[in-house]
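One structure below.
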2 protein chains.
Amino acid sequence: MGKGLDETDLTILKHLQKEGRAQRNQLAEIVHLSVPSVSERMRKLEEKELITEYRAILDAKRFKFDITAFVFVEVDGSENYPRFIEQIQQEPEVLECHSITGDGSHILKIRTENTDSFEKLLSRIQSWDGVSKSRSNVVLSSFKETTELPIEKTIDPK
Amino acid sequence: MGKGLDETDLTILKHLQKEGRAQRNQLAEIVHLSVPSVSERMRKLEEKELITEYRAILDAKRFKFDITAFVFVEVDGSENYPRFIEQIQQEPEVLECHSITGDGSHILKIRTENTDSFEKLLSRIQSWDGVSKSRSNVVLSSFKETTELPIEKTIDPK
DNA sequence: CGTGAAATCACGTTCGC
DNA sequence: GCGAACGTGATTTCACG
């Protein structure tokens with residue numbers, strides 16, 4: 001379907017992962033191409049949804065989010081999964097939700113204001129149908145936290 | 001130190017979290033202000049490092065990253081921590097590393113190509129000084145994965 | 001597909017309020 | 001601190017290779 005990407009595309013993607021607001025003429029200089037060419041490549045990368053979005057990343061510690069936690073949730077009965085996923089979407093303090101192998105059926109990444117709001121969020125989650133138990137690991141410090149994929153190792157997206 | 005943010009700043013931040021390349025005139029329209037005012041506010045938000053960076057988000061599934069996993073690592077002896085953190089920085093497939101409460105001393109979020117590269121990464125990590133054991137939870141599906149902070153609940157960053 | 005030139009639009013600065 | 005106007009530079013469009 002989508003054709004492969006060349007080295008130039010990868011360089012552009014690599015740079016945009018770090019500098020999401022990088023200008024087209026800067027990119028053009030880096031890849032030794034004209035501005036319209038870079039523009040066209042970016043348009044295609046966005047159109048193909050290889051780039052799904054651009055985001056400003058905020059410093060969570062500077063806002064009121066003192067607690068980051070990973071919560072393992074056990075959802076019993078797969079008939080309860082769809083409703084569970086729906087309810088997760090309504091909780092903005094839940095940044096991530098993945099179903100996983102191993103103990104627990106889902107892992108959540110949570111950012112919330114304090115122990116109080118954390119406790120309230122947990123009781124809300126535990127009140128949902130099928131949620132039998134949860135285990136929380138609260139983050140003490142973060143040493144690395146990026147969304148940057150090491151695409152130098154990749155060749156052809158599908 | 002840093003004064004509080006008003007509703008306008010929060011609206012700008014909220015929008016930039018979703019649209020990292022949003023233009024100043026678009027933002028100006030949303031918040032009913034002039035372009036220079038918005039420009040000035042963005043400059044200050046960046047200067048204060050409330051916005052730490054802008055990033056393009058790529059679709060991991062469309063590249064060659066078939067495996068996402070959360071790995072709990074037990075690092076024995078806090079004298080081994082600094083070296084551990086250093087080595088983590090050198091592993092681009094490790095997207096996140098947090099020290100945590102509960103079992104294991106650190107949790108890692110990993111994205112890698114396949115079971116083969118995953119196994120290799122794990123043995124590399126387990127070979128580091130102080131790393132006694134690890135437990136992996138491989139992601140089956142992801143239902144939510146964002147970096148967006150629910151800053152509507154926040155008022156004053158420090 | 002890539003380039004170069006022209007038109008359009010966004011951006012940063014300066015000014016007056 | 002905000003809004004208006006100017007000058008600069010970035011982005012888009014188009015004709016052409």
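Lettering follows sequence order; numbering is per chain, from 1.
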B/E40 CD to D/dG3 C1', in whole Å, measures 13 Å

Assign each of A/L33 and A/Q23 the nucleotide of DNA chain C bearing its closest heavy atom; nearer the 5' end lies the nucleotide of A/L33

Sugar-phosphate only, base, or nothing, as touched by B/V35 at under 4.0 Å among non-hydrogen atoms: nothing

Beyond-backbone contact of A/E93 with A/R124, side-chain heavy atoms, under 4.5 angstrom:
yes

Contact class for A/S39 (heavy atom, under 4.0 Å): base, sugar-phosphate, or nothing?
-> sugar-phosphate

Exercise. Go through the side-chain N and O atoms of A/T146 and B/R55 and say whether any donor and acceptor fall under 3.5 Å apart.
Key: yes

Rounded to whole Å, the NE2-P distance (A/H32 to C/dG4) equals 15 Å

To the nearest angstrom, the CD-P distance between B/Q26 and C/dC11 comes to 8 Å

Under 3.5 Å donor-acceptor, B/S99 side chain and A/S141 backbone = yes

> Hey, does the side chain of A/R41 come within less than 4.0 Å of C/dG2's phosphate (OP1/OP2), counting only N and O?
Replying inline: yes

Whole-Å distance, A/R24 CZ to D/dA10 C1', equals 9 Å

Atom CG of B/N25 and atom P of C/dA10 are separated, to the nearest Å, by 4 Å

In whole angstroms, the gap separating P of D/dG9 from CG of A/L27 amounts to 19 Å

In whole angstroms, the gap separating C1' of C/dC11 from CD of B/E46 amounts to 13 Å

Parallel, tilted or perpendicular for A/W128 and A/F84, by the 30°/60° rule? perpendicular

Regarding the side chain of A/S34, the nearest nucleotide among C/dG2, D/dA4, D/dT12 is C/dG2

With a 6.0 Å cut-off on the ring centroids, do B/F70 and A/F72 count as close? no

* B/S37 side chain near D/dG3 phosphate (N/O to OP1/OP2, under 4.0 Å) -> yes

*Closer than 4.0 Å, any side-chain N/O of B/R43 to the OP1 or OP2 of C/dC11?*
no

